[in-house]
Amino acid sequence: MAGSKKLKLTRNIGIIAHIDAGKTTVTERILFYTGRVHKMGEVHDGEATMDWMLEEKERGITITSAVTSCQWRGHNINIIDTPGHVDFTIEVERSLRVLDGAIGVFCAVGGVEPQSETVWHQADRYRVPKIAFINKMDRIGADHRRAVQMMKERLGAVPLVLQLPWGSEDRFTGVIDLLRMKAIQWEEETLGAEYEEIPIPPDLEDKASSYRELLLETLADKNDLVMEKYLSEEKITIQELKQAIRQATINLDLVPVLCGSALKNKGIQPLIDAIVDFLPSPVEIPPVTGHLPDSNEEETRPARAEAPFSALAFKVMMDQGRKMTFLRVYSGTVRVGETVYNSGKQVRERVARLLKMHSNKRERIDQASAGDIVAAMGLKLTTTGDTLCAESKPILLEPIRFNDPVISVAVEPRKVQDHDRLLDALGKLSDEDPTFRFRIDDETGQTVISGMGELHLEIIVGRLEREFHVQTNQGKPQVVYRETITEPTIHEEVFQREIAGQQHFAGIKIEIAPLPRGAGNRFVDHCPNPDLSEDFLQAIMEGISEGEAAGVVMGYPVIDVKTTLLEAQVKETSDAMAFKVAATMAFKNACSKAKPLLLEPIMKAEVLVPEAFTGEVINDLNTRQGKIEQIVSKGPVQVLTATVPLSRMFGYSTALRSASQGRGTFTMQFSHYDRA
């Protein structure tokens, strides 16, 4: 019973948003008011608790998701602060995969910005209940109403406004609570730690009443009890309203919206109350589902400490050369010194230590159970996305999806003797970050590193120098292209060879055909030959996969192709190796005849620029083969949305600065592949 009570009082939440919306500042204030830290750290001073990496302090941005926990009203809240920069989207993806709830932070001036949209839709994909916090109400140009409207238009959300701002810009005083119908004012002297509830100012009474009416109408649509009482004009208690909001939030029917200014210490305590009141505990979300390792049979695990153990490794981090694995425990209990089973890799691992994390500080614990987010030491082979479970009751949880890298740079150590250290360091960094990869080019012998953007690779190179003491020289960034075909082709291939005195034979006939962009590769078996065994078919599929890995134009992976196996010739000398080679040759030769072409990554860019410089910025994007999709006015700035080939966007931040006297900003994210 104690376990289920502890679970009901647990909240696992993440803070997600566009770069610069104020996520880290919100987290800092939450930690300060819950008594977890005794001094507020500021991002702009490089003092924020959650931004502990040197690169984060220097740049004033979050790069890696940091885990911490705090207490509020008897509840234990585990918080993950995630990055907003598109280059580090993997950090958001893996955090959302293991969280039960999220706070979307929006800037009152910028509203719903492109990266906010991306992370919001990531959260939707994992069905994570959310509350929204409109931050920076004290900034010039703050517009609460527009931010709420943008949530409807851009996110397809149903916002439920629970607070109105009392004043805005430099006159932002506090908030109007529409549930209690009171005004809340924070004390400047106590850094916002103390606040008082007072009657709503007369000039805001009408606005508050109409918003309260709207709140009740929206809630009545989603809750029968509220509907009944609302229609019969009975009084609805605050407790009933909170219960209805909680249920609708957990069902993803609506998003409670609060507001404030984290930097000015206003609006944070009601936000922590909302986390406890409206976001789910591990017991209130559907039990985690997976499947049995040897079959596709579905299996669920309830969030109970007594259930069989299951956990997902969602992050790996190198800590002073030792590997630390972050786990979300979904069911059961794990103790220090126990052996757990990695069901994907089918290996046993021993848990040497368990740690409760507070950013980069830690506290040793003896055990972790359902609902906990902890770090484990001693797991040598476990990587991001692996399932750990009890060997007697194995389960495979859904892994985490990763985007493929879009940009590559060649690196070499400045000292020849550092070559092995460089490869070792790159191996450790790619274990940590699945969107970062490295390879040694077969033709040039160069070490090539690939990632999600220029900033991503810049930070990797900085970490090589700082953490691993390997100094490198870098080449120019290279775009990671793809290849595809433009017309259907049928090709027959026969492989017949004597190797080491033994005959090998295989004959196959395949048809390859182009698929729509983004469809991926497909393999279809239409072979009528009954002699084609399961092993031979598997070998053909492996051979086709090998062929897809390196195309015929410039050796880049082939995408969006459907391969159909039409016929297979089988003789006594046929074996799996022969079929694999025949399939690879057939695929490559078919591609050569199917009018292959090169595809390049196209990025979706959003540029914010003052009106006076719009013309220059558009001209610059046109010279980069950009297609302007829309131009929207946001007060004094114009927002340009465009699609541009990645190869033309290197060094764009410098060009934008000079075209807009340093006042333009831009974000870009991968959109699709298109003809180069």
Side-chain angles (χ1 to χ4, degrees), residues 17-21 84-87 89 106-107 109-122 141 143 146-147 149-156 403-407 452-456 477-482 484 516-518 559-560 597-676:
H18 185 86
I19 189 165
D20 231 11
H85 200 287
V86 63
D87 284 15
T89 178
F106 300 97
C107 168
V109 185
V112 178
E113 294 167 287
Q115 191 57 15
S116 315
E117 245 178 286
T118 307
V119 295
W120 193 271
H121 295 316
Q122 280 175 308
D143 188 337
R146 199 183 89 233
Q149 192 54 35
M150 285 174 85
M151 285 178 67
K152 287 183 195 165
E153 289 165 10
R154 290 200 170 184
L155 306 175
N403 290 344
D404 286 333
V406 292
I407 177 171
M452 300 307 291
E454 284 181 279
L455 179 65
H456 189 192
Q478 298 288 319
V479 176
V480 180
Y481 292 93
R482 292 283 183 270
T484 193
R517 257 338 116 255
I559 59 168
D560 304 334
L597 62 90
L598 206 57
L599 299 172
E600 65 178 334
I602 305 292
M603 308 303 277
K604 184 173 184 163
E606 188 159 296
V607 186
L608 272 79
V609 63
E611 204 163 337
F613 307 108
T614 311
E616 270 181 74
V617 171
I618 290 175
N619 286 341
D620 182 54
L621 284 170
N622 287 336
T623 61
R624 294 171 187 272
Q625 296 174 355
K627 291 190 186 118
I628 307 286
E629 292 185 339
Q630 74 180 144
I631 302 174
V632 180
S633 244
K634 266 193 196 174
V637 296
Q638 301 283 349
V639 181
L640 281 64
T641 310
T643 52
V644 200
L646 173 64
S647 57
R648 308 302 296 265
M649 288 300 274
F650 293 133
Y652 181 63
S653 48
T654 316
L656 179 64
R657 267 186 224 123
S658 59
S660 64
Q661 293 176 8
R663 291 166 65 196
T665 59
F666 85 104
T667 54
M668 71 177 183
Q669 58 201 72
F670 173 71
S671 170
H672 61 281
Y673 277 97
D674 212 339
R675 186 182 284 241

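Numbers for residues simply follow the sequence, beginning at 1. The basis for the numbers below is simple: all heavy atoms, side chains too, and nothing from hydrogens, waters or symmetry mates.
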query: Can you name the salt bridge (Lys or Arg N to Asp or Glu O under 4.0 Å) partners of D143, sequence neighbours left out?
result: none
message: The criterion is salt bridge (Lys or Arg N to Asp or Glu O under 4.0 Å); which residues satisfy it with R517, sequence neighbours excluded?
response: D560
R146 side chain to V109 backbone, donor-acceptor under 3.5 Å: yes
query: Would you find a donor on one side and an acceptor on the other, under 3.5 Å apart, between the side chain of T641 and the backbone of E606?
result: no
Could you state the interatomic distance from [atom1] ([X]) to [atom2] ([Y]), rounded to the nearest 0.5 Å?
| X | Y | atom1 | atom2 | value |
| --- | --- | --- | --- | --- |
| R154 | Q149 | CZ | CD | 12.0 Å |
| D620 | S658 | CG | OG | 7.5 Å |
| L621 | M649 | CG | CE | 6.0 Å |
| R648 | T623 | CZ | OG1 | 7.0 Å |
| Y481 | L597 | OH | CG | 13.0 Å |
| L599 | D674 | CG | CG | 7.0 Å |

statement: Minimal heavy-atom distance between V609 and S660, with the atoms involved, is CG2-CB, 3.9 Å
- request: Mind listing the closest non-hydrogen atom pair of I602 and P645 along with its distance?
  value: CD1-CA, 4.0 Å
Evaluation steps, side-chain contact (heavy atoms from CB on, under 4.5 Å), between M150 and F106: CA-CA 10 Å; M150 285 174 85; F106 300 97; over 6 Å; no
- prompt: Hey, does L646 have a side-chain heavy atom less than 4.5 Å from the side chain of E600?
  reply: no
query: Side-chain contact, heavy-atom cut-off 4.5 Å: Q638 with S633?
result: yes
